[in-house]
Amino acid sequence: MRFPCVTLLLLLAALAGCGERGESGEVWRFALEEVEGSVQWTYAQQFKSMVESRTDGEITVRIHPYGSLGTSADLTQQLRQGALQFAFASPGHLGSVVPEVQLLTLHFILSDDNRVNHDVLTGNERFNQLLDEAYRERGLTLYSIVPEGWMVWTAGKPLRTPADFDGVKIRTMVSPLLLSSYKAYGAKPSPMPYGEVYGALQMDMIDAQVNPVFAIQEMSFHEVQDAMTRARHAQFIATVASAPGFIDGLSGERRAMLDEIRGELAGFIFEKQRELNDQRLAMIEDSSDIEIVELGDSERAAFRERSLPVRDEYVELAGERGRKLLDTLLQAIEQADGAD
Ligand code: 6CS
């Protein structure tokens, strides 16, 4: 996929710290790492409608779906320069800039109960605050954490055991720990931007990829793969980041509005991602003969075992704050699982 020139947006960098002023008021630019109809698009549409109605049209939210402004790395750069006010920033890409956020790419650290994951990730204040500190050190602020559903593996064959991964060229996002996670299974990870995955699968440059079901359907990856393996090894967890100083620089009333919207959107998008993932799985089943395999507990345990040393690598990379984030998350999940 090729991207148009972003010169116009770079010019807008001069507006750092505030939204652009349009003809009828302020414009907040919100960029997505996913296409129209996706979980991120659904979130952004709802955000837009809430902001615009609550500010009586004083603010217009302009949504830029994936492909219009560049890769995830480009979006992060534009956000840091102040050319965008909000952008989705997935840990699988952002980990190269904010090492601590790679925690959200580690395998087998979450509950099997998705409601628990959602409640902890969006509701645990200490966790969110620690992560925000890490973002701020790198010229970003954390607005929200948005779980988008379980990741599944697609390949030319089912991937039931680590031995099945031996030598498999799997496309990953670019954060270093994702490479470690798949090397631990014996695979050959091959990082590349999202927009290049379909072509790389079609041309046999890679054998496999990993993404949530809704994304596999909307990017047509199932058309060029023979099997889908569901291991519940990790969720696709995105974050919404904001431009430096943007939210801090708003009036108290606007900041309170954004806090309120974040809380309301958390419940909204949790239901929507579930609906989208279920609907898209049915669409894949109806339109292709891809083999769908669900791993059992003992099969998952073999992968979990291999994944554990990557946690130590995370702490080495992400330092003391990373260790605190990992401990906070594991404890909160364990506690919430126990309370069920
Ligand atoms: O695999 C990726 O790169 C992308 N996957 C999803 C579901 N969202 C954005 C991300 O860049």
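Note that the structure is predicted; figures quoted are calculated from it, not measured. Along the sequence shown, residues carry numbers from 1.
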Problem set entry | Presence of salt bridge, R321 and E137, under 4.0 angstrom | yes
Problem set entry | V120 vs F127 side-chain heavy atoms within contact, under 4.5 Å | no
Exercise. Are F108 and L104 linked, directly or through other ILVMFWY residues, by side chains that come within less than 4.5 angstrom of each other?
Worked result: no
Exercise. After noting the C-alpha distance and the side-chain angles of E133 and L130, does the key distance pass the side chain to side chain contact (heavy atoms under 4.5 Å, CB included) rule?
Worked result: CA-CA 5 Å; E133 279 172 25; L130 281 166; 4.2 Å; yes
Exercise. Is M173 reachable from V152 through a run of hydrophobic residues whose side-chain heavy atoms are each under 4.5 Å from the next?
Worked result: no
Exercise. Do F303 and L295 touch side chain to side chain, with heavy atoms closer than 4.5 Å?
Worked result: yes
Exercise. Can you check side chain to side chain contact (heavy atoms under 4.5 Å, CB included) on E313 and L106, steps first, answer last?
Worked result: CA-CA 10 Å; E313 212 178 309; L106 291 180; over 6 Å; no
For this session: Could you tell me whether the side chain of S111 and the main chain of D113 form a donor-acceptor pair under 3.5 Å?
Result: yes
Exercise. Does any N or O in the side chain of Y135 come within less than 3.5 Å of the main-chain N or O of Y143, such that one atom is a donor and the other an acceptor?
Worked result: no
Problem set entry | From K48 atom NZ to I59 atom CD1, the distance as rounded to the nearest 0.5 Å | 11.5 Å
Problem set entry | Contact check, side chains of D278 and R274, non-hydrogen atoms, under 4.5 Å | yes
Problem set entry | Salt bridge E196-R171, side-chain N to carboxylate O under 4.0 Å | no
Exercise. Distance-only, no hydrogens or angles: does the E52 side chain make a donor-acceptor pair with backbone N or O of V61 under 3.5 Å?
Worked result: yes
Problem set entry | Donor-acceptor contact below 3.5 Å, side chain Q40 vs main chain E33 | yes
For this session: Inspect the surroundings of NZ in K272 and state if more than 12 heavy atoms from other residues, nucleotides or ligands are less than 6.0 Å away.
Result: no
Problem set entry | Centroid-centroid distance, H118 to F270, less than 6.0 Å | yes
Exercise. Which distance, rounded to the nearest 0.5 Å, do you find between the CD of Q209 and the OH of Y194?
Worked result: 8.0 Å
Exercise. NZ of K157: more than 12 outside heavy atoms within 6.0 angstrom?
Worked result: yes
Exercise. Within a strict 4.5 Å, meaning less than it, do heavy atoms of the R80 and R138 side chains meet?
Worked result: yes
Problem set entry | Within 6.0 Å of CG in D312, more than 12 heavy atoms from elsewhere | yes
Exercise. Just wondering, do M219 and Y198 contact through their side chains at under 4.5 Å, heavy atoms?
Worked result: no
Exercise. Does the Q78 side chain pair with the main chain of L69, one donor and one acceptor, at a distance under 3.5 Å?
Worked result: yes
Problem set entry | Validation row: Y43, S144 side chains within 4.5 angstrom (heavy atoms) | yes
Exercise. How about F86 and F246: are their ring centres within less than 6.0 Å of each other?
Worked result: yes
Problem set entry | Ionic contact status for E271 with R115, cut-off 4.0 Å | yes
Exercise. Under 4.0 Å between a Lys/Arg side-chain N and an Asp/Glu carboxylate O for R323 and D327?
Worked result: yes
Seminar exercise, completed: Heavy-atom nearest pair, A83 first then R29, reads O-CD, 3.4 Å
Exercise. From F88 CZ over to L79 CG, what is the distance, rounded to the nearest 0.5 angstrom?
Worked result: 12.0 Å
Seminar exercise, completed: dist N124:CG -> Q335:CD (nearest 0.5 Å) comes out at 9.0 Å
Problem set entry | Heavy-atom side-chain proximity of L177 to V310 below 4.5 angstrom | yes
Exercise. When you measure from the centre of the six-membered ring of F30, is the NZ or CZ of R62 under 6.0 Å away and within 45° of the axis?
Worked result: no
For this session: Return yes if some donor-acceptor pair links the side-chain N/O of D207 with the main-chain N/O of V168 below 3.5 Å, else return no.
Result: no
For this session: Identify whether the distance between the nearest side-chain nitrogen and carboxylate oxygen of R232 and D112 falls below 4.0 Å.
Result: yes
Exercise. Does the N211 side chain pair with the main chain of F221, one donor and one acceptor, at a distance under 3.5 Å?
Worked result: no
Exercise. Do L178 and L329 belong together in a cluster built from hydrophobic side chains that touch within less than 4.5 Å?
Worked result: no
Exercise. So if you build clusters from Ile, Leu, Val, Met, Phe, Trp, Tyr with side-chain heavy-atom gaps below 4.5 Å, do M283 and I216 land together?
Worked result: no
Problem set entry | I237 vs T105 side-chain heavy atoms within contact, under 4.5 Å | no
Exercise. For the ring pair H107 and Y185, is the centre-to-centre distance below 6.0 Å?
Worked result: yes
For this session: Provide the full list of side-chain hydrogen bond (donor to acceptor under 3.5 Å, both in side chains) pairs with a residue in residues 241-258, sequence neighbours left out, each pair given once.
Result: E58-R254, R136-D248
Exercise. What's the spacing between L159 CG and R230 CZ if we round to 0.5 Å?
Worked result: 14.5 Å
For this session: Report yes or no: does D164 contribute a side-chain atom to a donor-acceptor pair with the main-chain N or O of T161 at less than 3.5 Å?
Result: yes
For this session: For residues T172 and P189, report the shortest heavy-atom separation together with the two atoms involved.
Result: CG2-CB, 4.0 Å
For this session: Considering non-hydrogen atoms only, spot the tightest contact between T239 and L142 and give its length.
Result: CB-CD1, 3.7 Å
For this session: Under the salt bridge (charged side-chain N to carboxylate O under 4.0 Å, His left out) rule, what do R300 and E305 come out as? Steps first, then yes or no, please.
Result: CA-CA 9 Å; R300 294 178 67 225; E305 185 71 29; over 6 Å; no
Problem set entry | Partner set under side-chain hydrogen bond (donor to acceptor under 3.5 Å, both in side chains) for R280, not counting sequence neighbours | E218
Exercise. Taking the six-membered ring for Trp, is the centroid-to-centroid distance between W153 and F165 below 6.0 Å?
Worked result: yes
Exercise. Is the side chain of S90 donor-acceptor paired with the backbone N or O of H93 at a distance under 3.5 Å, no angle test?
Worked result: no
Exercise. Any Lys/Arg nitrogen of R160 or E294 sitting under 4.0 Å from an Asp/Glu carboxylate oxygen of the other?
Worked result: no
Seminar exercise, completed: G156 and Q225 have their tightest heavy-atom pair at N-NE2, 4.4 Å
Exercise. When rounded to the nearest 0.5 angstrom, what is the spacing between CD1 in I63 and OG in S68?
Worked result: 11.0 Å
Exercise. What's the shortest heavy-atom distance between L84 and L75, and which atoms?
Worked result: CD1-O, 3.8 Å
Exercise. Closest approach of A243 and T141, non-hydrogen atoms and distance?
Worked result: O-OG1, 3.8 Å
Problem set entry | E275, CD atom: more than 12 neighbouring heavy atoms under 6.0 Å | yes
Exercise. Hey, is the main chain of E223 close enough, under 3.5 Å, to the side chain of S220 for a donor-acceptor pair?
Worked result: no
Exercise. Can you name the one residue among H222, M228, Q217 that meets side chain to side chain contact (heavy atoms under 4.5 Å, CB included) with S288?
Worked result: H222
Exercise. Are a donor atom and an acceptor atom from the side chains of Y66 and S72 found within less than 3.5 Å of each other?
Worked result: no
Exercise. Any salt bridge between D259 and R262, counting N to O under 4.0 Å?
Worked result: yes
Exercise. Do L201 and I292 belong to the same hydrophobic cluster, where Ile, Leu, Val, Met, Phe, Trp and Tyr are linked whenever their side-chain heavy atoms lie under 4.5 Å apart, directly or via other members?
Worked result: yes
For this session: Could you check E34 against E148 for side chain to side chain contact (heavy atoms under 4.5 Å, CB included), going step by step and ending with a plain yes or no?
Result: CA-CA 12 Å; E34 294 170 3; E148 298 190 16; 2.6 Å; yes
